[in-house]
Amino acid sequence: MNAWSDGYNADIAYTHGAYRELSPGYLSYVCLLNGVRPPRTDRPFRYCELGCGQGVTLNILAATHPQGRFTGIDFNPLHVAGARRLAEDAGLANVAFHERSFQEVVAGALPPEESGEGFDFIVLHGVYSWVSPENRRAVVDILEKTLKPGGLVFVSYNAMPGWAPVLPLQKMMLAHAAANPARSDRQFDAALAFINRLNEAGAGYFAINPTIAQHLGTIATQNRQYLTHEYLNTHWEPLSHSQVAQDMARAKLGYACSANIPHNFDELSVRPELRPILAEIADPMMAETVRDFAMNQVFRRDIYIRGLDRMPAAEAAGALRRLRFTLTVPREKASLAVPVPLGELRHDESLGLPILDALATGTPSLGAIEAMPEMARHDFGTISRFLALLISANHAHPLAELSETAREASGRLNRAIAQRMLIDESLFFLAAPTVGLGIGADALERLVLAGLLSGQPLDVQPLAGFVTDALRALGRSAVAEDGSAISDPVAMRSLVTLRLADFLPQKLPVWQRLGIL
């Protein structure tokens with residue numbers, strides 16, 4: 001463990017993730033959905049990410065929101081160097097990355113031009129429950145000093161009570177790593193092997209916590225860059241909502257809503273038997289804590305506002321009606337059945353099918369959808385909630401304030417990412433300027449997009465040759481339907497050709513609709 005890391009695992013870089021919940025458009029939409037006034041993004045705004053990691057999210061947001069000024073802060077020089085390189089390669093002038101600790105930021109280490117008159121958005125993904133209490137206090141100090149009145153904070157964190165059974169497991173992993181110095185990914189694998197031996201030998205902890213064996217099976221297949229940061233941090237601590245809300249109150253922040261859309265609807269997330277108990281609770285903080293027990297909450301995604309302003313219902317509905325939306329998946333993949341915490345909610349075809357068709361062929365506003373003749377039998381709340389659950393399921397999204405500048409900047413960024421995708425399999429996301437966020441791609445899709453963005457013709461045969469060559473350069477085989485590996489170049493190209501002919505007609509319209517191509 002490096003002395004400068006203050007107990008945080010810093011010998012291996014974090015993953016190259018891009019997170020929808022950090023998008024200004026998504027956060028603003030969820031606020032409106034819950035009747036909360038969000039910061040304005042139709043004019044210049046300032047945005048800061050604390051603990052920005054590799055900077056993929058921030059670079060994508062900067063490219064897709066040229067009216068914003070973006071600041072990334074991370075204490076790991078490896079993260080900051082890589083984030084800056086990507087921004088420079090894409091020619092992004094509205095984003096800056098700073099290698100600073102939270103305590104240094106509190107002490108005034110940021111250039112005055114970075115914080116300016118304050119930030120409209122400050123976001124932290126996962127960081128808050130991974131750092132020491134001193135660093136959490138520094139985070140709140142930053143929020144108090146640099147967030148504008150009316151500004152929004154997004155904070156996600158490991159939550160109680162869902163993590164309670166896993167607490168001893170993490171402590172055992174940390175203890176095993178401390179007793180066996182090595183690079184952290186090797187420490188994690190060694191600790192996992194040791195814990196599996198304890199399980200197989202019948203240790204009592206596993207006997208009375210049967211879900212832990214399933215948990216071990218899950219993490220065995222997960223990304224080691226993520227796992228070492230999750231399990232090998234000295235100050236790792238799942239937090240309760242009430243604890244975080246009390247911290248945020250010191251910066252004059254009020255809890256607005258969850259960024260996880262279904263969690264704001266008790267009928268979708270809380271068992272019917274528990275709802276009368278919730279209805280008896282007058283204190284909002286206590287009610288939210290009970291909801292966490294009802295759902296056995298593992299990870300919270302919370303939105304706070306400095307100067308929480310509850311909008312009149314008619315004003316919030318009017319703002320929602322003006323928003324335009326589009327599908328982010330092929331029409332064939334968009335479903336009437338949407339996952340919610342209580343299971344799966346299947347919508348009426350008379351409601352869902354016309355909306356899906358409208359989103360697949362255009363970018364209608366919610367008001368235009370409401371005015372469709374097919375919607376005459378459905379009220380505004382029902383229509384709005386169906387659309388909200390489509391967004392929750394990553395099947396749709398509100399449109400961003402698209403400009404030619406955003407389209408050009410996103411194109412430069414996507415070409416820079418595409419070049420990296422040909423040599424680095426850890427990159428999954430590209431900028432989608434139409435919706436203002438990063439869109440993920442699987443292994444085959446990434447190579448197809450890398451080819452198209454680097455100038456390959458939109459023709460199955462040469463594109464299949466490009467993808468086959470890229471797979472071989474990465475040391476990869478093609479995988480047949482029966483799961484067998486195919487390494488012969490001719491057979492690989494034949495299989496890739498068949499797959500491209502199958503999925504390109506579905507994927508191309510989506511990529512074009514989102515502005516990726």
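Atoms considered below: every heavy atom in the structure, side chains included; atoms not considered: hydrogens, waters and symmetry mates. Positions are given from 1, in the same order as the sequence printed here.
Looking only at distances, no side-chain donor or acceptor of Ser365 sits under 3.5 Å from a matching main-chain atom of Arg322. Formation of a donor-acceptor pair under 3.5 Å by the Glu104 side chain with backbone atoms of Ser101 is found in this model. Listed for the Arg446 side chain is a donor-acceptor partner under 3.5 Å among the backbone atoms of Leu427. The backbone N or O of Gln187 lies less than 3.5 Å from no partner atom in the side chain of Ser184, so there is not a single donor-acceptor pair. Ser258 places no side-chain N or O within 3.5 Å of a backbone atom of Asn264 that could act as its donor or acceptor partner. No donor-acceptor pair under 3.5 Å is formed between the side chain of Arg306 and the backbone N or O of Gly150. The main-chain N or O of Thr218 is found under 3.5 Å from a side-chain atom of Thr221 such that the two form a donor-acceptor pair. Asp283 contributes a side-chain N or O that, together with a main-chain N or O of Met286, makes up a donor-acceptor pair within less than 3.5 Å. Under the 3.5 Å distance criterion, the side-chain polar atoms of Lys145 are matched with a main-chain donor or acceptor of Val106. Side-chain atoms of Asn34 do not come within 3.5 Å of backbone N or O of Val36 as any donor-acceptor pair.
Contact annotation: the side chain of Thr57 never approaches that of Cys52 to less than 4.5 Å [non-hydrogen atoms, C-beta and beyond]. With contacts defined as side-chain heavy-atom distances shorter than 4.5 Å, the pair Ile417/Met421 qualifies. Residues Ile142 and Ile73 are not in side-chain contact: their nearest non-hydrogen atoms beyond the backbone lie 4.5 Å or more apart. Residues Val139 and Tyr128 have side chains in contact (heavy-atom distance under 4.5 Å, counting atoms from C-beta outward). Contact of the Ile219 side chain with the Leu192 side chain is registered, since non-hydrogen atoms from C-beta on lie closer than 4.5 Å. You'll find the side chain of Leu399 reaches within 4.5 Å of the side chain of Thr434, heavy atoms only. Side-chain contact between Ile391 and Phe325: present, with at least one pair of heavy atoms (C-beta onward) separated by less than 4.5 Å. For the pair Leu50/Val123, no side-chain contact is recorded, criterion being any heavy-atom separation below 4.5 Å from C-beta on.
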Let me have the donor-acceptor pairs involving side chains of residues 171-181, under 3.5 Å, with sequence neighbours excluded, atom names and distances please.
unit_1 : atom_1 : unit_2 : atom_2 : d
Asn180 : ND2    : His176 : O      : 2.8

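With salt bridges taken as basic N to acidic carboxylate O contacts below 4.0 Å, one links Lys148 and Asp120. A salt bridge between Arg37 and Glu315 is present, with a side-chain N of the basic residue lying under 4.0 Å from a carboxylate O of the acidic one. Between Glu114 and Arg69 there is a salt bridge, since a side-chain N of the basic residue sits under 4.0 Å from a carboxylate O of the acidic one. Between Asp89 and Arg420 there is a salt bridge, with a side-chain nitrogen of the basic residue lying less than 4.0 Å from a carboxylate oxygen of the acidic one. Under the 4.0 Å criterion applied to side-chain N and carboxylate O atoms, Glu288 and Arg291 are assigned as salt-bridge partners. Ionic pairing of Glu370 and Arg321 is present here: one or more N-O contacts between side-chain nitrogen and carboxylate oxygen are shorter than 4.0 angstrom. A salt bridge links Arg136 with Glu237: the distance from a Lys NZ or Arg NE/NH1/NH2 to an Asp or Glu carboxylate oxygen falls below 4.0 Å. Between Asp185 and Arg224 there is no salt bridge, since no side-chain N of the basic residue sits under 4.0 Å from a carboxylate O of the acidic one.
Every residue two or more places apart in sequence or in another chain that forms a ring pair (Phe, Tyr, Trp, His ring centres under 6.0 Å) with Phe121 is listed here: Phe45, Tyr47. Residues satisfying the side-chain hydrogen bond (donor to acceptor under 3.5 Å, both in side chains) criterion with Asp141, sequence neighbours excluded, are Arg250. Applying the side-chain hydrogen bond (donor to acceptor under 3.5 Å, both in side chains) rule to Arg385 yields the partners Glu267; only residues at least two apart in sequence or on another chain are considered. For Asn223, the side chain to side chain contact (heavy atoms under 4.5 Å, CB included) test picks out Thr15, Gln225, Tyr226, with sequence neighbours left out.
Side chain to side chain, Arg324 and Thr363 meet the donor-acceptor criterion of an N or O pair below 3.5 Å. Looking only at atom types and distance, the side chain of Asp424 has a donor-acceptor partner in the side chain of Ser426 under 3.5 Å away. Side chains of Ser132 and Asn135: a donor-acceptor N/O pair is present below 3.5 angstrom, by distance only. Counting only N and O atoms by type, the side chains of His79 and Asp74 include a donor and acceptor under 3.5 Å apart.
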_I'd like to know whether Ser269 forms a side chain to side chain donor-acceptor pair (under 3.5 Å) with His263, so could you lay out the CA-CA distance, the side-chain angles of the two residues, the decisive distance to 0.1 Å, and finally the verdict._
CA-CA 6 Å; Ser269 56; His263 288 192; over 6 Å; no
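A ring pair (Phe, Tyr, Trp, His ring centres under 6.0 Å) check over residues 137-166, counting only residues at least two apart or in different chains, returns the pairs Trp163-Trp236.
For Glu404, the CD atom counts as densely surrounded, since its 6.0 Å shell holds more than 12 non-hydrogen atoms of other residues, nucleotides or ligands. For Arg271, the CZ atom counts as loosely surrounded, since its 6.0 Å shell holds 12 or fewer non-hydrogen atoms of other residues, nucleotides or ligands.
For the pairing with Asn158, the side chain to side chain donor-acceptor pair (under 3.5 Å) check across Glu230, Arg300, Gln170 returns one residue only, Glu230.
Using a 30° and 60° split on the angle between ring planes, Tyr26 and His397 fall in the parallel class, below 30°.
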